[in-house]
There are 2 protein chains.
Amino acid sequence: MPRIGAEPIRKAALINATIFEIGRAGSLNVTVAQIARRAGMSPALAHHYFGSKEQMFLSAMRYILRNYGRSVSETLPGRGQRGRLNAIVRASFAPQNFQRETVSAWVNFYALALINPEARRLLRVYHRRLRSNLVIALRPLSDDPGRVAETVGALIDGVYLRAVLIPGGVDAQAAEKLILDYLDEALT
Amino acid sequence: MPRIGAEPIRKAALINATIFEIGRAGSLNVTVAQIARRAGMSPALAHHYFGSKEQMFLSAMRYILRNYGRSVSETLPGRGQRGRLNAIVRASFAPQNFQRETVSAWVNFYALALINPEARRLLRVYHRRLRSNLVIALRPLSDDPGRVAETVGALIDGVYLRAVLIPGGVDAQAAEKLILDYLDEALT
DNA sequence: TGTTCTTGATTGGTCGATCAATTAAAGATA
DNA sequence: TATCTTTAATTGATCGACCAATCAAGAACA
(Lines give C-alpha, C1' and ligand atoms only; values in the text may rest on other atoms or scores of the structure.)
Protein backbone atom coordinates (compact mmCIF):
# COMPACT_ATOMS: atom_id res chain seq x y z
CA MET A 1 0.00 0.00 0.00
CA PRO A 2 2.36 2.70 1.04
CA ARG A 3 3.51 4.46 -2.09
CA ILE A 4 6.21 6.96 -1.49
CA GLY A 5 5.43 10.61 -2.10
CA ALA A 6 1.88 10.22 -0.93
CA GLU A 7 1.87 13.29 1.26
CA PRO A 8 0.88 15.98 -1.25
CA ILE A 9 -1.76 13.73 -2.78
CA ARG A 10 -3.23 12.83 0.58
CA LYS A 11 -3.23 16.42 1.75
CA ALA A 12 -4.95 17.62 -1.40
CA ALA A 13 -7.55 14.88 -1.05
CA LEU A 14 -8.15 15.87 2.56
CA ILE A 15 -8.53 19.54 1.73
CA ASN A 16 -11.04 18.77 -0.99
CA ALA A 17 -12.92 16.46 1.33
CA THR A 18 -12.91 19.09 4.06
CA ILE A 19 -14.50 21.71 1.83
CA PHE A 20 -16.96 19.22 0.45
CA GLU A 21 -18.03 17.93 3.84
CA ILE A 22 -18.31 21.38 5.40
CA GLY A 23 -20.33 22.50 2.41
CA ARG A 24 -22.48 19.43 2.51
CA ALA A 25 -23.14 19.64 6.23
CA GLY A 26 -23.45 23.43 6.08
CA SER A 27 -21.53 23.57 9.31
CA LEU A 28 -18.06 23.22 10.78
CA ASN A 29 -19.45 20.36 12.83
CA VAL A 30 -17.93 17.68 10.67
CA THR A 31 -15.85 14.97 12.20
CA VAL A 32 -12.34 14.14 11.17
CA ALA A 33 -13.63 10.65 10.52
CA GLN A 34 -16.16 11.94 7.98
CA ILE A 35 -13.54 13.94 6.15
CA ALA A 36 -11.04 11.13 6.17
CA ARG A 37 -13.58 8.60 4.94
CA ARG A 38 -14.58 10.94 2.12
CA ALA A 39 -10.89 11.25 1.20
CA GLY A 40 -10.49 7.48 1.33
CA MET A 41 -8.28 7.03 4.34
CA SER A 42 -8.37 6.51 8.08
CA PRO A 43 -8.88 9.35 10.58
CA ALA A 44 -5.47 8.62 12.03
CA LEU A 45 -3.82 9.36 8.72
CA ALA A 46 -5.57 12.70 8.52
CA HIS A 47 -4.13 13.57 11.89
CA HIS A 48 -0.77 12.29 10.80
CA TYR A 49 -0.64 14.75 7.93
CA PHE A 50 -2.32 17.79 9.42
CA GLY A 51 -1.67 17.45 13.12
CA SER A 52 -5.09 18.68 14.08
CA LYS A 53 -8.55 19.30 12.79
CA GLU A 54 -7.97 23.03 13.13
CA GLN A 55 -5.02 22.91 10.75
CA MET A 56 -7.12 21.00 8.24
CA PHE A 57 -9.76 23.72 8.38
CA LEU A 58 -7.21 26.48 7.96
CA SER A 59 -5.56 24.73 5.04
CA ALA A 60 -8.94 24.32 3.39
CA MET A 61 -9.63 28.00 3.89
CA ARG A 62 -6.27 28.95 2.43
CA TYR A 63 -7.08 26.79 -0.55
CA ILE A 64 -10.43 28.47 -1.16
CA LEU A 65 -8.97 31.94 -0.82
CA ARG A 66 -5.98 31.13 -3.02
CA ASN A 67 -8.34 29.73 -5.63
CA TYR A 68 -10.47 32.82 -5.53
CA GLY A 69 -7.47 35.11 -5.72
CA ARG A 70 -6.10 33.18 -8.65
CA SER A 71 -9.35 33.31 -10.59
CA VAL A 72 -9.46 37.05 -10.05
CA SER A 73 -5.93 37.74 -11.21
CA GLU A 74 -6.27 35.37 -14.12
CA THR A 75 -9.14 37.31 -15.62
CA LEU A 76 -7.46 40.62 -15.01
CA PRO A 77 -4.88 41.32 -17.73
CA GLY A 78 -5.96 43.03 -20.92
CA ARG A 79 -9.41 44.65 -21.00
CA GLY A 80 -8.86 48.32 -20.45
CA GLN A 81 -10.86 50.50 -18.09
CA ARG A 82 -14.23 49.13 -17.16
CA GLY A 83 -13.31 45.67 -18.41
CA ARG A 84 -10.96 45.05 -15.50
CA LEU A 85 -13.69 45.93 -13.08
CA ASN A 86 -16.22 43.63 -14.66
CA ALA A 87 -13.66 40.85 -14.66
CA ILE A 88 -13.14 41.10 -10.91
CA VAL A 89 -16.85 40.99 -10.21
CA ARG A 90 -17.38 38.20 -12.68
CA ALA A 91 -14.66 36.09 -11.06
CA SER A 92 -16.58 36.15 -7.78
CA PHE A 93 -19.50 34.47 -9.44
CA ALA A 94 -17.64 32.08 -11.65
CA PRO A 95 -18.98 28.55 -11.25
CA GLN A 96 -15.94 27.25 -9.33
CA ASN A 97 -16.27 29.97 -6.71
CA PHE A 98 -20.03 30.11 -6.57
CA GLN A 99 -20.97 26.48 -6.14
CA ARG A 100 -23.25 25.72 -3.27
CA GLU A 101 -20.68 23.71 -1.31
CA THR A 102 -18.03 26.38 -1.75
CA VAL A 103 -20.26 29.26 -0.72
CA SER A 104 -21.56 27.26 2.21
CA ALA A 105 -17.98 26.58 3.31
CA TRP A 106 -17.21 30.25 2.78
CA VAL A 107 -19.97 31.35 5.15
CA ASN A 108 -18.74 28.94 7.77
CA PHE A 109 -15.20 30.21 7.39
CA TYR A 110 -16.50 33.68 8.12
CA ALA A 111 -17.93 32.28 11.32
CA LEU A 112 -14.64 30.55 12.04
CA ALA A 113 -12.85 33.88 11.63
CA LEU A 114 -14.80 35.13 14.63
CA ILE A 115 -12.97 32.77 16.93
CA ASN A 116 -9.76 31.84 15.18
CA PRO A 117 -7.07 34.50 14.80
CA GLU A 118 -5.40 32.76 11.87
CA ALA A 119 -8.69 32.42 10.02
CA ARG A 120 -9.35 36.08 10.69
CA ARG A 121 -5.94 36.99 9.34
CA LEU A 122 -6.55 35.03 6.15
CA LEU A 123 -9.85 36.74 5.61
CA ARG A 124 -8.33 40.14 6.13
CA VAL A 125 -5.64 39.40 3.58
CA TYR A 126 -8.38 38.52 1.12
CA HIS A 127 -10.23 41.72 1.92
CA ARG A 128 -7.15 43.83 1.42
CA ARG A 129 -6.26 42.17 -1.86
CA LEU A 130 -9.75 42.48 -3.25
CA ARG A 131 -9.91 46.11 -2.19
CA SER A 132 -6.56 46.85 -3.74
CA ASN A 133 -7.56 45.26 -7.03
CA LEU A 134 -10.80 47.18 -7.06
CA VAL A 135 -9.18 50.49 -6.23
CA ILE A 136 -6.67 50.16 -9.04
CA ALA A 137 -9.42 49.33 -11.50
CA LEU A 138 -11.60 52.14 -10.20
CA ARG A 139 -9.00 54.87 -10.13
CA PRO A 140 -9.57 56.06 -13.71
CA LEU A 141 -13.32 55.70 -13.40
CA SER A 142 -14.34 57.19 -10.08
CA ASP A 143 -13.42 60.20 -8.00
CA ASP A 144 -13.75 58.15 -4.82
CA PRO A 145 -12.29 54.72 -5.63
CA GLY A 146 -11.87 53.80 -1.98
CA ARG A 147 -15.52 54.18 -1.11
CA VAL A 148 -16.75 52.40 -4.22
CA ALA A 149 -14.32 49.54 -3.62
CA GLU A 150 -15.55 49.19 -0.05
CA THR A 151 -19.12 49.14 -1.28
CA VAL A 152 -18.47 46.54 -3.95
CA GLY A 153 -16.63 44.36 -1.43
CA ALA A 154 -19.50 44.50 1.05
CA LEU A 155 -21.95 43.91 -1.77
CA ILE A 156 -20.17 40.77 -2.92
CA ASP A 157 -20.15 39.36 0.60
CA GLY A 158 -23.77 40.28 1.15
CA VAL A 159 -24.87 38.67 -2.08
CA TYR A 160 -22.90 35.54 -1.24
CA LEU A 161 -24.51 35.37 2.17
CA ARG A 162 -27.99 35.63 0.74
CA ALA A 163 -27.31 33.27 -2.10
CA VAL A 164 -27.01 30.21 0.13
CA LEU A 165 -30.37 30.85 1.68
CA ILE A 166 -32.29 30.69 -1.55
CA PRO A 167 -33.87 27.25 -1.73
CA GLY A 168 -33.79 26.50 -5.45
CA GLY A 169 -30.12 26.85 -6.18
CA VAL A 170 -28.19 30.02 -6.71
CA ASP A 171 -28.56 32.44 -9.58
CA ALA A 172 -25.06 33.65 -10.36
CA GLN A 173 -26.37 35.65 -13.30
CA ALA A 174 -28.66 37.76 -11.13
CA ALA A 175 -26.05 38.18 -8.40
CA GLU A 176 -23.53 39.42 -10.92
CA LYS A 177 -26.01 41.77 -12.50
CA LEU A 178 -26.89 43.36 -9.16
CA ILE A 179 -23.30 44.41 -8.64
CA LEU A 180 -22.65 45.48 -12.21
CA ASP A 181 -25.79 47.59 -12.07
CA TYR A 182 -24.51 49.25 -8.94
CA LEU A 183 -21.26 50.06 -10.72
CA ASP A 184 -23.17 51.51 -13.64
CA GLU A 185 -24.83 54.06 -11.43
CA ALA A 186 -21.84 54.67 -9.16
CA LEU A 187 -19.65 55.50 -12.16
CA THR A 188 -21.95 58.19 -13.42
CA MET B 1 -36.24 29.46 45.57
CA PRO B 2 -39.11 28.41 43.40
CA ARG B 3 -41.30 31.45 42.87
CA ILE B 4 -44.47 30.91 40.94
CA GLY B 5 -44.68 32.39 37.48
CA ALA B 6 -40.98 31.91 36.93
CA GLU B 7 -41.32 30.59 33.41
CA PRO B 8 -41.33 33.83 31.37
CA ILE B 9 -38.54 35.28 33.53
CA ARG B 10 -36.41 32.17 33.19
CA LYS B 11 -37.01 31.94 29.47
CA ALA B 12 -36.07 35.56 28.93
CA ALA B 13 -32.92 35.10 30.99
CA LEU B 14 -32.01 32.02 28.97
CA ILE B 15 -32.55 33.78 25.65
CA ASN B 16 -30.38 36.68 26.72
CA ALA B 17 -27.72 34.31 27.97
CA THR B 18 -27.87 32.33 24.73
CA ILE B 19 -27.22 35.41 22.61
CA PHE B 20 -24.53 36.61 24.95
CA GLU B 21 -22.71 33.29 25.06
CA ILE B 22 -22.93 32.70 21.32
CA GLY B 23 -21.65 36.22 20.75
CA ARG B 24 -18.92 35.79 23.29
CA ALA B 25 -17.77 32.44 21.96
CA GLY B 26 -18.25 33.58 18.36
CA SER B 27 -19.67 30.18 17.63
CA LEU B 28 -22.72 28.00 18.10
CA ASN B 29 -20.48 25.64 20.05
CA VAL B 30 -21.72 26.71 23.42
CA THR B 31 -22.98 24.18 25.90
CA VAL B 32 -26.34 24.26 27.55
CA ALA B 33 -24.43 24.30 30.82
CA GLN B 34 -22.64 27.54 29.88
CA ILE B 35 -25.86 29.24 28.92
CA ALA B 36 -27.69 28.03 32.00
CA ARG B 37 -24.88 29.10 34.30
CA ARG B 38 -24.82 32.55 32.70
CA ALA B 39 -28.58 32.76 33.27
CA GLY B 40 -28.15 31.65 36.85
CA MET B 41 -29.70 28.22 36.83
CA SER B 42 -28.96 24.58 36.25
CA PRO B 43 -28.70 23.00 32.79
CA ALA B 44 -31.59 20.74 33.64
CA LEU B 45 -33.85 23.74 34.14
CA ALA B 46 -32.92 25.10 30.73
CA HIS B 47 -33.99 21.81 29.22
CA HIS B 48 -37.14 21.88 31.29
CA TYR B 49 -38.22 25.18 29.79
CA PHE B 50 -37.03 24.82 26.20
CA GLY B 51 -37.02 21.11 25.63
CA SER B 52 -33.84 21.17 23.64
CA LYS B 53 -30.82 23.25 22.82
CA GLU B 54 -32.10 23.73 19.28
CA GLN B 55 -35.29 25.34 20.56
CA MET B 56 -33.23 27.69 22.70
CA PHE B 57 -31.23 28.74 19.65
CA LEU B 58 -34.33 29.30 17.57
CA SER B 59 -36.00 31.32 20.30
CA ALA B 60 -32.91 33.47 20.61
CA MET B 61 -32.92 34.01 16.88
CA ARG B 62 -36.59 34.95 16.92
CA TYR B 63 -35.82 37.40 19.68
CA ILE B 64 -33.02 39.08 17.72
CA LEU B 65 -35.12 39.32 14.57
CA ARG B 66 -38.17 40.59 16.43
CA ASN B 67 -36.00 43.20 18.12
CA TYR B 68 -34.57 44.30 14.83
CA GLY B 69 -37.98 44.44 13.21
CA ARG B 70 -39.36 46.46 16.07
CA SER B 71 -36.55 48.99 16.01
CA VAL B 72 -37.13 49.42 12.28
CA SER B 73 -40.87 49.99 12.51
CA GLU B 74 -40.51 52.22 15.55
CA THR B 75 -38.36 54.70 13.68
CA LEU B 76 -40.60 54.61 10.63
CA PRO B 77 -43.68 56.80 11.13
CA GLY B 78 -43.52 60.48 10.28
CA ARG B 79 -40.53 61.66 8.21
CA GLY B 80 -41.73 61.91 4.64
CA GLN B 81 -39.90 60.62 1.59
CA ARG B 82 -36.21 60.08 2.10
CA GLY B 83 -36.56 60.24 5.88
CA ARG B 84 -38.22 56.83 6.04
CA LEU B 85 -35.41 55.32 4.05
CA ASN B 86 -32.72 56.79 6.27
CA ALA B 87 -34.60 55.56 9.31
CA ILE B 88 -34.56 51.97 8.11
CA VAL B 89 -30.86 52.05 7.43
CA ARG B 90 -30.14 53.82 10.69
CA ALA B 91 -32.06 51.19 12.65
CA SER B 92 -29.71 48.51 11.35
CA PHE B 93 -26.80 50.26 12.95
CA ALA B 94 -28.45 51.36 16.16
CA PRO B 95 -26.37 50.37 19.17
CA GLN B 96 -28.74 47.60 20.33
CA ASN B 97 -28.57 45.89 16.95
CA PHE B 98 -24.95 46.55 16.19
CA GLN B 99 -23.21 45.43 19.35
CA ARG B 100 -20.39 42.99 18.88
CA GLU B 101 -22.17 40.11 20.63
CA THR B 102 -25.34 40.65 18.65
CA VAL B 103 -23.64 40.84 15.29
CA SER B 104 -21.51 37.83 16.14
CA ALA B 105 -24.65 35.90 17.06
CA TRP B 106 -26.22 37.15 13.84
CA VAL B 107 -23.44 35.73 11.70
CA ASN B 108 -23.72 32.40 13.45
CA PHE B 109 -27.46 32.35 12.91
CA TYR B 110 -26.81 32.78 9.21
CA ALA B 111 -24.63 29.70 9.40
CA LEU B 112 -27.35 27.92 11.36
CA ALA B 113 -29.82 28.78 8.62
CA LEU B 114 -27.74 26.64 6.27
CA ILE B 115 -28.68 23.50 8.15
CA ASN B 116 -31.84 24.29 10.05
CA PRO B 117 -35.06 24.76 8.08
CA GLU B 118 -36.76 26.74 10.83
CA ALA B 119 -33.80 29.10 11.13
CA ARG B 120 -33.83 29.49 7.36
CA ARG B 121 -37.53 30.29 7.44
CA LEU B 122 -37.01 32.96 10.09
CA LEU B 123 -34.26 34.56 8.10
CA ARG B 124 -36.37 34.62 4.97
CA VAL B 125 -39.20 36.29 6.84
CA TYR B 126 -36.73 38.97 7.92
CA HIS B 127 -35.50 39.37 4.35
CA ARG B 128 -39.00 39.74 3.01
CA ARG B 129 -40.03 42.24 5.64
CA LEU B 130 -36.93 44.36 5.17
CA ARG B 131 -37.37 44.28 1.43
CA SER B 132 -41.00 45.23 1.69
CA ASN B 133 -40.21 48.16 3.99
CA LEU B 134 -37.49 49.33 1.65
CA VAL B 135 -39.60 49.03 -1.46
CA ILE B 136 -42.39 51.09 0.07
CA ALA B 137 -39.96 53.80 1.10
CA LEU B 138 -38.26 53.70 -2.29
CA ARG B 139 -41.33 53.76 -4.47
CA PRO B 140 -41.58 57.57 -4.67
CA LEU B 141 -37.83 57.95 -5.01
CA SER B 142 -36.65 55.40 -7.52
CA ASP B 143 -37.83 53.99 -10.80
CA ASP B 144 -36.58 50.53 -9.83
CA PRO B 145 -37.40 50.15 -6.14
CA GLY B 146 -37.04 46.38 -6.19
CA ARG B 147 -33.48 46.42 -7.40
CA VAL B 148 -32.38 49.17 -5.04
CA ALA B 149 -34.04 47.40 -2.11
CA GLU B 150 -32.23 44.18 -3.00
CA THR B 151 -28.96 46.07 -3.17
CA VAL B 152 -29.45 47.81 0.16
CA GLY B 153 -30.38 44.51 1.80
CA ALA B 154 -27.24 42.80 0.53
CA LEU B 155 -25.21 45.84 1.47
CA ILE B 156 -26.44 45.78 5.06
CA ASP B 157 -25.62 42.10 5.41
CA GLY B 158 -22.21 42.56 3.82
CA VAL B 159 -21.34 45.45 6.07
CA TYR B 160 -22.46 43.48 9.12
CA LEU B 161 -20.34 40.57 8.06
CA ARG B 162 -17.26 42.69 7.65
CA ALA B 163 -17.88 44.65 10.82
CA VAL B 164 -17.20 41.72 13.12
CA LEU B 165 -13.84 41.08 11.54
CA ILE B 166 -12.44 44.49 12.29
CA PRO B 167 -10.25 44.17 15.35
CA GLY B 168 -10.74 47.48 17.11
CA GLY B 169 -14.48 47.47 17.57
CA VAL B 170 -17.09 48.39 15.02
CA ASP B 171 -17.67 51.78 13.47
CA ALA B 172 -21.43 52.09 13.12
CA GLN B 173 -21.04 55.63 11.86
CA ALA B 174 -18.92 54.60 8.88
CA ALA B 175 -21.08 51.56 8.13
CA GLU B 176 -24.18 53.72 8.06
CA LYS B 177 -22.54 56.33 5.87
CA LEU B 178 -21.49 53.74 3.30
CA ILE B 179 -25.08 52.75 2.73
CA LEU B 180 -26.52 56.26 2.81
CA ASP B 181 -23.90 57.29 0.28
CA TYR B 182 -25.00 54.47 -1.96
CA LEU B 183 -28.57 55.67 -1.70
CA ASP B 184 -27.51 59.20 -2.56
CA GLU B 185 -26.08 58.08 -5.87
CA ALA B 186 -28.73 55.48 -6.59
CA LEU B 187 -31.51 58.03 -6.20
CA THR B 188 -30.09 60.40 -8.73
C1' DT C 1 -52.62 18.00 48.59
C1' DG C 2 -51.23 18.92 44.19
C1' DT C 3 -48.72 21.81 41.12
C1' DT C 4 -44.77 24.29 39.81
C1' DC C 5 -39.99 24.89 40.24
C1' DT C 6 -35.44 23.13 40.73
C1' DT C 7 -31.32 20.37 40.75
C1' DG C 8 -27.81 16.40 41.35
C1' DA C 9 -26.81 12.38 39.38
C1' DT C 10 -26.66 9.56 35.60
C1' DT C 11 -26.82 7.79 30.95
C1' DG C 12 -25.65 7.12 26.32
C1' DG C 13 -23.15 8.75 22.85
C1' DT C 14 -19.63 11.35 20.21
C1' DC C 15 -15.21 12.78 18.98
C1' DG C 16 -10.30 14.49 18.75
C1' DA C 17 -6.11 12.80 19.49
C1' DT C 18 -2.52 9.31 20.51
C1' DC C 19 0.13 5.13 20.03
C1' DA C 20 1.88 0.81 19.01
C1' DA C 21 2.23 -2.14 15.34
C1' DT C 22 2.26 -3.38 10.35
C1' DT C 23 3.44 -2.89 5.56
C1' DA C 24 6.19 -1.70 1.85
C1' DA C 25 9.27 1.17 -0.70
C1' DA C 26 14.21 3.00 -1.24
C1' DG C 27 18.83 2.67 -0.43
C1' DA C 28 23.07 0.53 1.21
C1' DT C 29 26.12 -3.34 1.59
C1' DA C 30 28.58 -7.31 0.17
C1' DT D 1 21.47 -10.73 -6.72
C1' DA D 2 20.39 -11.35 -1.95
C1' DT D 3 20.00 -9.28 2.42
C1' DC D 4 19.83 -5.75 5.74
C1' DT D 5 18.53 -1.00 7.24
C1' DT D 6 16.06 3.01 7.23
C1' DT D 7 12.21 5.66 6.47
C1' DA D 8 7.47 6.76 5.03
C1' DA D 9 2.75 5.29 5.01
C1' DT D 10 -1.04 3.41 7.22
C1' DT D 11 -4.36 1.68 10.50
C1' DG D 12 -6.99 -0.52 14.57
C1' DA D 13 -7.62 0.18 19.04
C1' DT D 14 -8.12 3.01 22.72
C1' DC D 15 -8.07 6.90 25.96
C1' DG D 16 -9.93 10.89 27.93
C1' DA D 17 -12.90 14.50 27.70
C1' DC D 18 -17.15 16.63 26.76
C1' DC D 19 -21.97 17.01 26.39
C1' DA D 20 -27.18 16.81 25.47
C1' DA D 21 -30.81 14.87 27.48
C1' DT D 22 -33.35 12.27 31.11
C1' DC D 23 -35.05 11.17 35.59
C1' DA D 24 -36.16 10.84 40.16
C1' DA D 25 -36.54 13.38 44.01
C1' DG D 26 -36.53 17.51 46.85
C1' DA D 27 -38.33 22.26 47.92
C1' DA D 28 -41.67 25.97 47.91
C1' DC D 29 -45.93 27.71 47.08
C1' DA D 30 -51.42 27.78 46.45
Side-chain angles (χ1 to χ4, degrees), chain A residues 1-22 24-61 105 108-109 111-112 115-119, chain B residues 1-22 24-61 105 108-109 111-112 115-119:
Chain A
M1 279 189 195
R3 297 278 155 69
I4 215 153
E7 176 156 353
I9 296 160
R10 293 300 203 185
K11 278 192 157 185
L14 282 167
I15 285 174
N16 272 334
T18 301
I19 294 166
F20 185 86
E21 287 295 316
I22 289 178
R24 207 176 67 98
S27 151
L28 297 178
N29 266 359
V30 289
T31 69
V32 174
Q34 274 172 45
I35 296 170
R37 182 149 23 92
R38 169 80 45 188
M41 69 195 82
S42 74
L45 193 54
H47 273 100
H48 173 69
Y49 281 125
F50 279 103
S52 73
K53 188 179 169 176
E54 187 184 4
Q55 284 307 314
M56 279 177 60
F57 280 3
L58 290 174
S59 291
M61 196 171 161
N108 278 287
F109 285 145
L112 181 61
I115 51 174
N116 188 301
E118 178 65 8
Chain B
M1 280 187 194
R3 299 277 155 70
I4 213 151
E7 176 158 352
I9 297 161
R10 293 299 203 186
K11 278 191 155 184
L14 282 168
I15 285 174
N16 273 333
T18 301
I19 294 167
F20 185 87
E21 286 296 314
I22 289 177
R24 205 176 69 97
S27 151
L28 296 179
N29 265 359
V30 289
T31 68
V32 173
Q34 274 171 45
I35 296 170
R37 182 149 22 91
R38 168 80 47 190
M41 68 194 84
S42 74
L45 193 53
H47 272 99
H48 173 67
Y49 281 125
F50 278 104
S52 74
K53 189 180 172 176
E54 188 184 4
Q55 283 309 313
M56 279 178 60
F57 281 2
L58 290 175
S59 290
M61 196 171 161
N108 278 286
F109 284 144
L112 180 62
I115 51 174
N116 188 303
E118 179 64 8

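By convention in this document, chain letters (A, B, ...) are assigned in the order of the sequence lines, proteins followed by strands, and residues within each chain are numbered from 1. Since the model is a prediction, treat every value here as computed from it, not as a measurement.
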For residues [X] and [Y], report the shortest heavy-atom separation together with the two atoms involved.
{"X": "Lys53(A)", "Y": "Thr31(A)", "value": "NZ-CA, 4.4 Å"}
{"X": "Ala60(B)", "Y": "Thr18(B)", "value": "CB-CG2, 3.8 Å"}
{"X": "Ala111(A)", "Y": "Asn108(B)", "value": "CB-OD1, 3.9 Å"}
{"X": "Phe57(B)", "Y": "Ile22(B)", "value": "CE1-CD1, 3.8 Å"}

When the distance from [atom1] of [X] to [atom2] of [N] is rounded to whole Å, what number comes out?
{"X": "Lys11(A)", "N": "dA8(D)", "atom1": "NZ", "atom2": "C1'", "value": "14 Å"}
{"X": "Glu7(A)", "N": "dA25(C)", "atom1": "CD", "atom2": "P", "value": "18 Å"}
{"X": "Tyr49(A)", "N": "dT11(D)", "atom1": "OH", "atom2": "C1'", "value": "12 Å"}
{"X": "Leu45(A)", "N": "dT22(C)", "atom1": "CG", "atom2": "C1'", "value": "14 Å"}
{"X": "Gln55(A)", "N": "dA17(C)", "atom1": "CD", "atom2": "P", "value": "10 Å"}
{"X": "Met56(B)", "N": "dA21(D)", "atom1": "CE", "atom2": "P", "value": "10 Å"}
{"X": "Phe50(A)", "N": "dT18(C)", "atom1": "CZ", "atom2": "P", "value": "16 Å"}

By nearest-heavy-atom nucleotide on DNA chain C, the more 5' of Pro43(A) and Met41(B) is Met41(B)
Answer yes or no: does a side-chain N or O of Arg10(A) lie under 4.0 Å from OP1 or OP2 of dA8(D)? no
Among dT7(C), dT10(D), dT18(C), which nucleotide sits nearest the side chain of His48(A)? dT10(D)
Candidates dA9(D), dG8(C), dC5(C) - which lies nearest the side chain of Ala44(B): dG8(C)
Can you name the residues that form a side-chain contact (heavy atoms from CB on, under 4.5 Å) with Ala46(A), not counting sequence neighbours? Leu14(A), Val32(A), Ala36(A), Met56(A)
For Gln55(B), all residues meeting side chain to side chain donor-acceptor pair (under 3.5 Å), sequence neighbours excluded: none
Within the sub-3.5 Å range, which N or O atoms of nucleotides 10-16 of chain C have a protein N or O partner, and how far apart are they?
{"from": "dG16(C)", "atom 1": "OP1", "to": "Lys53(A)", "atom 2": "NZ", "distance (Å)": "2.4"}
{"from": "dG16(C)", "atom 1": "OP2", "to": "Val32(A)", "atom 2": "N", "distance (Å)": "3.0"}

Using a strict cut-off of less than 4.0 Å between a Lys/Arg side-chain nitrogen and an Asp/Glu carboxylate oxygen, indicate whether Arg10(A) and Glu7(A) qualify as a salt bridge. no
